[in-house]
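Everything below concerns the one structure shown next.
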Amino acid sequence: QVQLVESGGGLVQAGGSLRLSCAASGRTFRRNVMAWFRQAPGKEREFVAAVSFSGGVTYYADSVKGRFTISRDNAKNTLYLQMNSLKAEDTAVYYCAASTSGSSYLRSAGTYDSWGQGTQVTVSS
């Protein structure tokens with residue numbers, strides 16, 4: 001039972017940077033795998049990045065490797081996504097998610113139990 005609220009979305013030009021935050025409430029935040037997904041109009045929700053409960057292990061979609069960095073600050077109950085070198089194709093609604101299980105299918109949306117409301121990221125070119 002984790003409640004998630006994203007923030008930090010907005011309009012940015014191609015090549016720019018943006019940092020998304022996800023504020024979490026609930027007793028299991030420190031034990032949950034956390035992730036970012038995104039969904040563009042007319043497309044399915046896709047995996048972006050995930051981080052272990054300790055913050056020591058991260059996973060990224062090939063499309064964002066080298067550009068995005070996922071991190072978490074358990075003391076602040078907050079998940080972050082630092083996005084650099086943004087491209088027009090990064091335009092989407094970004095969602096944070098939490099998983100209560102130890103599933104290895106971290107790139108699947110079905111693995112996650114809790115979701116935020118989403119924050120819009122628009123990259124102009």
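Quick caveat: nothing in here was measured; it's all calculated off a predicted structure.
One distance of note links OG of S52 with CE of M34; it measures 12.0 Å at 0.5 Å rounding. Rounding to the nearest 0.5 angstrom, the gap separating the CD atom in Q120 from the CG atom in L11 is 9.5 Å. In this structure, the separation between CG on N32 and CG on N74 is 10.0 Å, given to the nearest 0.5 Å.
For the ring-ring contact (aromatic ring centres under 6.0 Å, His included) criterion with F47, the lone passing option out of Y59, F37, Y112, Y60 is F37. Screening D90, L81, V121 against R38 for a side chain to side chain contact (heavy atoms under 4.5 Å, CB included) leaves a single residue, D90.
Put simply, Y80 and F53 are part of two different groups of oily side chains (I, L, V, M, F, W, Y) that touch within less than 4.5 Å, one to the next. Tracing side-chain contacts under 4.5 Å through hydrophobic residues (I, L, V, M, F, W, Y), one reaches V12 starting from V48; they form part of the same cluster.
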Please list, one pair per line, the donor and acceptor atoms closer than 3.5 Å that link side chains of residues 14-24 to other protein atoms, with sequence neighbours excluded.
| from | atom 1 | to | atom 2 | distance (Å) |
| --- | --- | --- | --- | --- |
| S17 | OG | N84 | OD1 | 2.9 |

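Inter-residue side-chain proximity for Q117 and E6 is flagged as met; some heavy-atom pair is nearer than 4.5 Å. Using a 4.5 Å cut-off on side-chain heavy atoms (C-beta onward), M83 and W36 make no contact. Annotation: side chain of L79 is in contact with side chain of I70 (closest heavy-atom distance under 4.5 Å). The shortest side-chain heavy-atom distance between Q13 and L86 does not fall under the 4.5 Å cut-off.
Aromatic ring orientation, Y94 versus F68: tilted (interplanar angle from 30° to 60°).
Between the side chain of S114 and the backbone N or O of Q3, no donor-acceptor pair lies under 3.5 Å. With hydrogens and angles ignored, the 3.5 Å screen pairs no side-chain donor or acceptor of R107 with any backbone N or O of A50. Not one N or O on the side chain of S99 forms a donor-acceptor pair closer than 3.5 Å with the backbone of V33.
K65 and D62 are joined by a salt bridge, as a carboxylate oxygen and a charged side-chain nitrogen come within less than 4.0 angstrom of each other.
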